[in-house]
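As structure tokens, the structure follows; a few thoughts come after it.
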Amino acid sequence: MKRTLIKHVLVSDRIGEEVKIAGWVRTRRDSKGGFSFLEINDGSSFSGLQVVVPGELDNYQSDVLRVTIGSAVAVVGELVESPGAGQAVEVHATSVFVYGYADPDEYPLQKKRIGFEKLREIAHLRPRTNTFGAVARVRNALAYATHKFYQERDFLYLHTPMITASDAEGAGEMFQVTTLDMGALPRADGEIDYTQDFFGKPTFLTVSGQLEAETYALALDRVYTFGPTFRAENSNTRRHLAEFWMIEPEMAFADLDDNSDLAEAYIRFLFQYILDNCVEDLAFFNKWVDEGLLERLESIAGSDFERISYTEAVQALQKADVGFEYPVDWGTDLQSEHERYLTEVAYGKPLIVTDYPADIKAFYMRHNDDGKTVAAMDVLVPGVGEIVGGSQREERHDVLLESIRAKGLPEEHYWWYLDLRRFGTAPHAGFGLGFGRVVQFATGMHNIRDAIPFPRTPNSAEF
RNA sequence: UCCGGGGUAGCUCAAUCGGCAGAGCAGCGGACUGUUAAUCCGUUGGUUGGGAGUUCAAGUCUCCCCCCCGGAGCCA
């Protein structure tokens, strides 16, 4: 008999019909009156299915009464309306097959709530909990919505390399990739001889696919990347991972306003999508994890983002009657506390801050006519802070070259990037969005380590 | 990396001034029951993160180390 996912059973009108389901047991409750209740979840939906197992089954004593939380079972039975209060339908089993038991002395999950920190130590089992099942489904929905959003707008999904010899930002610690024997590094003139390394030169895990994405945007007009990126920073916060997924759209013939429009439309689309498609999971998060979640998601999906310039932001902060730990001066970067004040207190909604001082931003950002600022934009959201960083790119060859030199970057690494400005250059713009931070915001999960299946952080690469 | 808070039973936590290491849940045994975080009775379960020191006596005080969490920096 063909198996049906529980999510489909729950919304079917197959009362009175025979169904087959399979999944993992959440609880078993026995009635000495001669039968047992099994709560079964297969991950297809937040809700599981209650199965009533009659004591008359051949393997009731031998198998069913041995079933405990975590066991994997298949059940065949009749779908009926449930007389109980907790569910609309249930299955009256005519057979129960146990694929695998889970020794309750050893199995670490229980009905009782377990702390997220403990669950990180058993990341291979935590998807079987309500919370992490829901996180996985919402994360999946956000990934699907991402592709849907860009595909519907004629963006081309681009695969950029994970191993790279260039440093996109000109800053930030990178993981080195090498096949050299670390215990016996080849040397030439006292330096490590990278001509003997796999690629013949030092290579690293990418921190961004942006520079490569620009090459395709300047040929195919609109592209986006969606893949893993890596930072070897010793960051120990609830918002940082050493390995995280990033989405980077890049558009040709576009300026900073087009960029802001895209970022706003994308973020609102994401949240509207999960509000429409993850109702049960979001209701769970709203009740148990973050009480204002639904209201916040609806508010962001439904309201226009505020847009201010960096200069205006600095003025607003200087006027604010708040004792900041860090002073606010034009020319220094906004601190976390400043960003939080702007998006959470001053405006109370997502905020796009544009036109930052050139000195504190990356070399590839387009210089404004004022000679001091660049066409950069950050999107700030309440609770998470900076969720998007982007810019219009410098398309003028001489200005870009000057910028590379001014930042002291190795010019020779950027020959192909500069070529884009020598041959058929065109204005273009794009941004990067940290996918984990979106999942964090969308679920209300406090720590980004709980928004990705297997988090990589300093000192932690288990599983 | 810096600052702060932590690490005690499988899990969540308590332990007063340094004085016999405890509870709830889970597990196990039993009772009861269309149950649904079931309930009731009983019961098993400890290298108090690791090491050194002070003391008659250390979960508790001192030092070193490891790990976790929060905030900051860096950033997405």
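So you know, we letter chains A, B, ... as the sequences are listed, proteins then strands, and number each from 1.
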| Relative to each other, are the rings of F175(A) and F230(A) parallel, tilted or perpendicular (30° and 60° limits)? | perpendicular

| remark: The glycosidic conformation of C17(B), counting syn as within 90° of 0 and anti otherwise, is syn

| said: With the six-membered base ring of A76(B) as reference, does the ring of F244(A) sit under 5.5 Å away with planes under 30° apart? | reply: yes

| Residue mapping more 5' on RNA chain B - nearest nucleotide basis, H240(A) or F116(A) | F116(A)

| request: Take the angle between the ring planes of H147(A) and Y157(A) and call it parallel below 30°, perpendicular above 60°, tilted in between. | output: perpendicular

| remark: Per nearest nucleotide of RNA chain B, the residue lying toward the 5' end, P458(A) or R29(A), is R29(A)

| message | Determine whether F226(A) and Y224(A) satisfy the following criterion, ring-ring contact (aromatic ring centres under 6.0 Å, His included), listing intermediate values before the conclusion. | response | CA-CA 7 Å; F226(A) 186 0; Y224(A) 69 106; 7.7 Å; no

| task | Measure from CD on E337(A) to P on C74(B) and round the result to the nearest Å. | result | 11 Å

| query | Near D329(A) CG, under 6.0 Å, is it more than 12 heavy atoms from other residues, nucleotides or ligands? | reply | yes

| message | Distance criterion of 3.5 Å, no angle test: do you see the side chain of S235(A) paired donor-to-acceptor with the base of C74(B)? | response | yes

| If we take the C1' atom in both G51(B) and U12(B), what is their distance in whole Å? | 29 Å

| query | Side-chain N or O of R340(A) less than 4.0 angstrom from OP1 or OP2 on A72(B)? | reply | yes

| query | Across the strands shown, which category fits R28(A) at heavy-atom distances under 4.0 angstrom: base, sugar-phosphate, nothing? | reply | nothing

| message | With rounding to the closest Å, how many angstrom separate the C1' atoms on A14(B) and A38(B)? | response | 26 Å

| query | Does a nitrogen or oxygen in the side chain of Q87(A) sit under 4.0 Å from OP1 or OP2 of U36(B)? | reply | no

| query | Looking across every strand, which nucleic acid part, if any, lies under 4.0 Å from E117(A) by heavy atom: base, sugar-phosphate, or nothing? | reply | sugar-phosphate

| request: Have a look at I69(A) and say if it touches a base, only the backbone sugar-phosphate, or nothing, with a 4.0 Å heavy-atom cut-off. | output: nothing

| field | E291(A) atom CD: more than 12 heavy-atom contacts under 6.0 Å | value | no

| message | Under 4.0 Å, heavy atom to any atom of RNA chain B: which of residues 43-67 of chain A qualify? | response | Q50(A), V52(A)

| remark: Per-nucleotide protein contact along nucleotides 5-11 of chain B, 5' to 3', at a 4.0 Å heavy-atom cut-off (B base, S sugar-phosphate only, - neither), is -----BS

| message | When you measure from the side chain of S235(A) to the backbone of T237(A), do you find a donor-acceptor pair of N or O atoms at a distance under 3.5 Å? | response | no

| Looking across every strand, which nucleic acid part, if any, lies under 4.0 Å from N236(A) by heavy atom: base, sugar-phosphate, or nothing? | base

| U8(B) versus G4(B) - spacing of their P atoms, nearest Å | 22 Å

| said: Over all strands shown, is S82(A) touching base, sugar-phosphate only, or nothing at heavy-atom distances under 4.0 angstrom? | reply: base

| query | Does S336(A) place a side-chain N or O at less than 4.0 Å from the phosphate oxygens OP1/OP2 of G73(B)? | reply | yes

| request: Could you tell me whether the phosphate oxygens of A72(B), OP1 or OP2, come under 4.0 Å of any side-chain nitrogen or oxygen in R239(A)? | output: yes

| query | For the side chain of E90(A) and the base of U36(B), is some donor closer than 3.5 Å to an acceptor across the two? | reply | no

| Nucleotide opposite U12(B) in a Watson-Crick or G-U pair, distances under 3.5 Å | A23(B)

| Charged tip of R153(A) within 45° of F149(A) ring normal and under 6.0 Å | yes

| task | Give R238(A) one of three labels, base, sugar-phosphate or nothing, depending on what nucleic acid heavy atoms sit under 4.0 Å from its own. | result | sugar-phosphate

| When all nucleic acid strands are considered with a 4.0 Å heavy-atom cut-off, which category describes T237(A): base, sugar-phosphate, or nothing? | base

| task | Please check if the side chain of K349(A) supplies one atom and the backbone of D304(A) the other of a donor-acceptor pair under 3.5 Å. | result | yes

| query | Hey, does the Lys NZ or Arg CZ of R137(A) hover above the aromatic six-ring of F46(A), less than 6.0 Å from the centre and inside 45° of the axis? | reply | no

| query | Under the 3.5 angstrom rule, does the side chain of R28(A) hit a backbone N or O of L65(A) as a donor-acceptor pair? | reply | yes

| query | Taking atom P in both C56(B) and C13(B), what distance in whole Å separates the two? | reply | 37 Å

| query | Honestly, is K361(A) close enough over Y356(A), meaning NZ or CZ under 6.0 Å from the six-membered ring centre and within 45° of the axis? | reply | yes

| field | Contact letters for nucleotides 39-51 of chain B, in which S counts primed atoms plus P, OP1 and OP2 and B counts the base, heavy atoms under 4.0 Å | value | -------------

| request: Ignoring hydrogens and angles, tell me if any N or O in the side chain of T215(A) forms a donor-acceptor pair with the backbone of E212(A) under 3.5 Å. | output: yes

| Base-pairing mate for C2(B) - Watson-Crick or G-U, with both contacts under 3.5 Å | G71(B)

| Counting any heavy atom closer than 4.0 Å, what does Y326(A) reach on the DNA or RNA strands: base, sugar-phosphate only, or nothing? | sugar-phosphate

| query | Any chance CH2 of W288(A) has more than 12 other-residue heavy atoms, nucleotides or ligands included, within less than 6.0 Å? | reply | no

| Has the side chain of R437(A) got a donor or acceptor that lies under 3.5 Å from a partner of the other kind on the base of C75(B)? | yes

| said: Please give the distance between the C1' atoms of G53(B) and A57(B) as a whole number of Å. | reply: 15 Å

| message | Within a 6.0 Å radius of atom CG on D103(A), are there more than 12 heavy atoms belonging to other residues, nucleotides or ligands? | response | yes

| field | Side-chain donor/acceptor contact of H92(A) with base of G34(B) under 3.5 Å | value | yes

| message | Check this one for me: any side-chain N or O of R26(A) less than 4.0 Å away from OP1 or OP2 of A37(B)? | response | no

